[in-house]
Amino acid sequence: MTPIPRCDRTEAWLRLQDHFDRDARHFDLREAFAADGRRFDGLSFEAPEIFADLSKNRVDAATLALLLALARECRIEARRDAMMGGAAINVTEGRAVQHVALRAPRAAGAYGDEVHDVLDRMLAFVEGVRDGVASGITDVVNIGIGGSDLGPQMVVPALDAYAQHALRFHFVSNVDGHDIAPVLRDLKPSSTLFVIASKTFTTQETMANAGVARAWFLANGGSDTRRHFVATTTNVKAAAEFGIDTTFGFWDWVGGRYSLWSAIGLPIALAIGATNFRALLDGAHAMDMHFAQAPLERNLPVLLGLLDVWYRNFHGFTSRSVAPYHQGLRRLPAYLQQLEMESNGKRVDIDGETLPFATSPVVWGEPGTNGQHAYFQMLHQGTDVIPVEFILVREPTHPYADLQTKLLANGLAQAQALMLGKSAEQALGDRVPTASTELDPAILARHRTFTGNRPSTTLVIDKLTPRALGALIAMYEHRVFTSGALWNINSFDQWGVELGKALCNDILPRLASGDTSGLDGSTAGLLRRLRGSR
Ligand code: F6P
């Protein structure tokens, strides 16, 4: 394959910079809508299960054409095909990146038989546990962290409408005992199933919590560890050494943050059952096909990835806020934080060269409307421009139609307010019963002005079904791939987590011994303080 240029070394990059300097820097969404009555139609896109309105973003036809030219110059299609074809694109670990193979039909996937054999075995196990009378299981505790936690922890509540409510789910991730203690307090060993989820089966937090769970189980009369502990891991040997022989495996070509489709999805399957779990996989596969086959001009993950590059590298926006207007998606921002920031939070390119441009934005958020009453103030009137991503779900799975109408109205209104803003003249004309009467009205109007022109994307899903959620998550995965590919970084390693882990191993015995030799002054002082000596 001919070498792939990094985005900043392309012709399109220079043209984008020129376009930004001359025109786009001053782009105004209100003017754009006034000038083009068909802007919404031109900038809204359909992908499997998702309708995306990109029209409230600071782009026009010229911007998009240049971004697409950038994608082509960076040979995004060849890079995508290399990933999907199983090339070892995770070069620093010498591994392929094949999470797409986990949701492909048996005959179509690169590892069809391996993947589907584990899936079939796992789903048969799932149906056995879900038969509460036979299994006696009422509570499932997933012990895992990062990618072995965030996916199931996000999907289980999101698909609550499809879940078997006779089973309760608990997620323990933190090595802080305040996480596991309240969970164990209310459980009985005889009706609890522990899932020890760890790709490596070496992660400190997970191993420590698994040890606590096993000790609690035995101390409280639990007798059949083999029936009450299962493992989801690539390290079957380590799981066996821990004493677990019901293990569902996966492979090193599945990154932790891309693993909910593998055995790591066991709690999801336990919650929603085999048929719905397969529907989740189908939805992701449909999005994979869209990413693989749709022309770049209508390829939703590609367009969103390009928009991310545009905002990060040309506008200089440092973060993106995700606002799912669906309470079930309350953990989606946390899930996306790992997906995006662990993947693309890199400062060197694939050849190890220091990058002269910014990479991953901060991704953060809360469900609407809660966020509106917390940090939306800053989104509307703060000094930073933060693109917002609204996720609206048309049809609820609850019976309270009036609440749903209010929810959707709020989502639409927030996006509208961010874009339209409010001028000082408009503010001056407002009647404001709560405002101080002693203040000069002109000054008050300045406080009540909104600059507007704040960009947002709105994703609309008809109903949050397993299939729709699968498509949504896969869309985010491919979007992260797109921006990472343009930046020419390795989106599939995470060396940045290593240093802290190594230093923790050094500090751990010092907390017991009090030895501060060789430590920096701050760490030494804090260590003494935490040991109770001043
Ligand atoms: O924090 C780094 C990390 O390796 C993540 O990438 C991963 O998802 C998490 O730890 C958990 O790892 P494991 O599944 O091996 O326990």
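In listed order, ligands and their atoms are each counted from 1. Residues take their numbers from the sequence shown, with the count starting at 1. Owing to the predicted nature of the structure, the values given are computational and were not obtained by experimental measurement. Because only heavy atoms are used, hydrogens play no part in the values below, and waters and symmetry mates are left out as well, while side chains stay in.
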Salt bridge check, Asp139 against Lys188: does any charged N sit closer than 4.0 Å to a carboxylate O?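 No, Lys188 and Asp139 are not salt-bridged.
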Heavy-atom nearest option to [atom], drawn from [options]:
| atom | options | result |
| --- | --- | --- |
| atom 11 (C) of ligand 1 | Asp493, Ile145, Thr233 | Ile145 |
| atom 15 (O) of ligand 1 | Thr206, Ile196, Ile143, Thr200 | Thr200 |
| atom 8 (O) of ligand 1 | Gly151, Ser259, Gly147 | Gly147 |

Among non-hydrogen protein atoms, atom 2 (C) of ligand 1 lies closest to Val497 CG2, 3.5 Å
Atom 10 (O) of ligand 1 has as its nearest protein heavy atom Lys501 NZ, 4.6 Å
Can you tell me if Glu205 has a non-hydrogen atom under 4.0 Å from ligand 1?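 No, Glu205 has no heavy atoms under 4.0 Å from ligand 1.
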Can you sort out which atoms of ligand 1 are near [X], meaning under 4.0 Å from one of its heavy atoms?
| X | result |
| --- | --- |
| Thr203 | 12 (O), 13 (P), 15 (O), 16 (O) |
| Glu342 | 1 (O), 2 (C), 5 (C), 6 (O) |
| Ser148 | 13 (P), 14 (O) |
| Gln494 | 6 (O) |

Closer than 3.5 angstrom, by distance alone: can the side chain of [X] be matched with the main-chain N or O of [Y] as a donor-acceptor pair?
| X | Y | result |
| --- | --- | --- |
| Arg312 | Thr359 | yes |
| Thr482 | His478 | yes |
| Arg130 | Leu270 | yes |
| Lys463 | Val393 | no |

Check each heavy atom of Lys199 against ligand 1 and say whether those closer than 4.0 Å belong to the side chain, the backbone, both or neither.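 Both of them.
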Just checking [X] against [Y], ring centres under 6.0 Å apart?
| X | Y | result |
| --- | --- | --- |
| His315 | Trp310 | yes |
| His228 | Phe194 | no |
| Tyr335 | Tyr476 | no |

